Protein chains: 2
Amino acid sequence: MNEAVVLTPERILEATEDVLRRFGLAKATVVDVARALDVSHGSVYRHFPSKASLRDAVAKRWLDRANEPLCKLAAADGPAPERLEKWLRTMFAIKQKKVCDDPEMFATYLALAQEAREVVESYKDKQVDLLAKILSDGVAQGVFEIDDVKATARAVFDSTVRYHHPAHAEEWAKPECPARIEALISLLLRGLQAPCKH
Amino acid sequence: MNEAVVLTPERILEATEDVLRRFGLAKATVVDVARALDVSHGSVYRHFPSKASLRDAVAKRWLDRANEPLCKLAAADGPAPERLEKWLRTMFAIKQKKVCDDPEMFATYLALAQEAREVVESYKDKQVDLLAKILSDGVAQGVFEIDDVKATARAVFDSTVRYHHPAHAEEWAKPECPARIEALISLLLRGLQAPCKH
DNA sequence: TCGATGACAGATATTGAAATCTGTCAGCGC
DNA sequence: GCGCTGACAGATTTCAATATCTGTCATCGA
């Protein structure tokens with residue numbers, strides 16, 4: 001048996017991502033995916049129980065890939081405020097880049113986010129965990145003063161929704177956007193900062 | 001001539017709001033509005049140049065009505081932090097109430113918000129002005145320390161998007177929501193507070 | 001044995017013809 | 001004159017027939 005022609009979940013995901021990019025979420029069908037792989041669509045169902053699960057798996061891959069730089073930033077060393085700022089700006093930049101470069105995948109992600117699918121929920125939870133990591137580093141460094149790190153991380157995530165939730169994507173290109181991000185970040189950093197340092 | 005049967009913009013708006021509530025944004029037609037008023041649809045076009053302008057006018061009325069309590073709060077006296085908190089909670093409550101009581105009108109508002117129509121933009125600007133009023137009161141009282149009041153008001157508005165933008169309405173009913181609002185508000189208040197009071 | 005197939009039922013999407021709607025305007029009646 | 005009407009053109013929506021898709025499974029071939 002030739003390794004290359006074995007039908008693996010991995011190959012199916014690859015093909016599905018292609019098909020989604022090519023036809024868009026609304027038009028892409030399991031039959032299209034099967035056609036792209038030159039197999040019957042029944043074979044696809046041997047590896048994924050439903051179209052939804054297939055779509056979710058593709059989205060998960062896509063999100064995990066997008067998330068990588070953020071994991072690195074959260075794990076890095078250095079002063080927490082700078083890292084937090086960098087982390088937020090990176091998240092916004094990733095989203096903005098995605099919406100430009102990969103609009104069909106982004107539309108898929110938007111659809112998933114609006115359905116509040118489990119994939120997206122767990123992805124968000126992961127993001128909040130990364131934020132919490134930076135915040136608790138800040139507390140350890142004595143630069144942040146925070147009662148409930150987890151809840152505050154969630155608050156930071158929520159407060160920046162406008163710049164990372166796909167429902168607001170059309171706003172990101174507007175000229176006043178950078179200034180508004182500026183104001184938001186500085187407000188948040190002030191709120192986290194330990195008061196009365198001197 | 002009987003006053004009651006004169007076709008005024010006011011009467012048309014009333015009827016349109018009824019029709020929207022009854023049939024929903026997707027189904028409501030100008031013909032329906034005319035039928036409700038027992039006039040020809042041509043007459044409606046005598047007072048409003050297009051269906052879009054009629055819809056916008058209805059939305060404006062609806063938004064203005066919803067906005068009234070917030071104007072009062074912004075104009076009131078008292079310590080700015082408490083007023084800000086009350087203002088935000090009132091805004092969230094109004095939105096939440098609307099989405100329950102008047103779902104069809106809310107759907108109309110959602111559609112408008114997503115199209116980024118001028119009505120909604122100016123309504124948002126009004127809200128930011130109200131916030132700015134409270135913030136500048138706070139600065140005058142010495143409880144807030146803010147560089148750029150206008151930009152900070154915008155940041156406060158943006159940071160709470162999740163709890164007032166209709167795109168996030170499905171989230172508002174979730175049980176963890178109040179706690180998350182709590183965390184967000186306290187983070188924001190800390191960020192506005194003048195540091196080192198003592 | 002084991003993955004793949006292709007025919008199938010029920011659900012969903014597409015299509016094109018018919019109905020309805022939007023926006024205009026010449027003309028009617030007060 | 002003035003406000004309203006109703007007929008109209010072009011755009012949009014509806015509806016039902018048709019085609020396609022999803023998910024299942026008995027069967028096939030290696």
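Keep in mind it's a predicted model, so treat the numbers as computed, not measured.
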Subject >> Step-by-step side chain to side chain contact (heavy atoms under 4.5 Å, CB included) determination, L130(B) to L73(B) >> reply: CA-CA 9 Å; L130(B) 295 179; L73(B) 277 175; over 6 Å; no

**OP:** Would you indicate what V30(A) reaches in the nucleic acid, counting non-hydrogen atoms under 4.0 angstrom: base, sugar-phosphate, or nothing?
**Re:** sugar-phosphate

Original post:
Whole Å only: how far is the CZ atom of F48(A) from the C1' atom of dT22(D)?
Top reply: 16 Å

**OP:** State whether a side-chain donor-acceptor pair under 3.5 Å links H165(A) with H165(B).
**Re:** no

Original post:
D64(A): what forms a salt bridge (charged side-chain N to carboxylate O under 4.0 Å, His left out) with it, not counting sequence neighbours?
Top reply: K60(A), K126(A)

**OP:** Nearest whole angstrom, please: distance from the C1' of dC21(C) to the CG of D32(B).
**Re:** 10 Å

Original post:
With a 3.5 Å cut-off and no angle check, do the side chains of S53(A) and D56(A) form a donor-acceptor pair?
Top reply: no

Subject >> Within residues 13-25 of chain B: residues closer than 4.0 Å to DNA chain C (heavy atoms) >> reply: none

**OP:** Please name all residues satisfying ring pair (Phe, Tyr, Trp, His ring centres under 6.0 Å) with F144(B), sequence neighbours left out, ordered by chain then number.
**Re:** none

**OP:** May I ask you to say whether D101(B) pairs ionically with K97(B), meaning some side-chain N is under 4.0 Å from a carboxylate O?
**Re:** yes

Original post:
Which pairs count as salt bridge (Lys or Arg N to Asp or Glu O under 4.0 Å) when at least one residue sits in residues 152-164 of chain B, sequence neighbours excluded?
Top reply: D158(A)-R162(B), R162(A)-D158(B), R180(A)-D158(B), D125(B)-R154(B), R162(B)-E171(B)

Original post:
Under 30°, 30 to 60°, or over 60°: which ring-plane class applies to H168(A) and H168(B), parallel, tilted or perpendicular?
Top reply: parallel

**OP:** For the residue pair W62(A) and Y123(A), establish whether any side-chain heavy-atom pair is separated by less than 4.5 Å.
**Re:** no

Original post:
What string of B, S and - do you get for nucleotides 9-14 of chain D 5' to 3' if you count protein non-hydrogen atoms under 4.0 Å?
Top reply: -----S

Original post:
In residues 33-45 of chain A, which ones come under 4.0 Å of DNA chain C, going by heavy atoms?
Top reply: V39(A), S40(A), H41(A), G42(A), S43(A)

Original post:
What is the distance, rounded to the nearest whole Å, between atom CZ of R46(A) and atom P of dT27(D)?
Top reply: 15 Å

Original post:
How long is the line joining NZ of K51(B) and P of dT20(C), in whole Å?
Top reply: 16 Å

Original post:
In a check of ring-ring contact (aromatic ring centres under 6.0 Å, His included) between H164(B) and each of W87(B), Y109(B), F157(B), W172(B), which one passes?
Top reply: F157(B)

**OP:** Provide, to the nearest angstrom, the distance between the CD1 atom belonging to I12(A) and the C1' atom belonging to dG3(C).
**Re:** 12 Å

**OP:** Indicate yes or no: does E121(A) engage K124(A) in a salt bridge with an N to O separation below 4.0 Å.
**Re:** yes

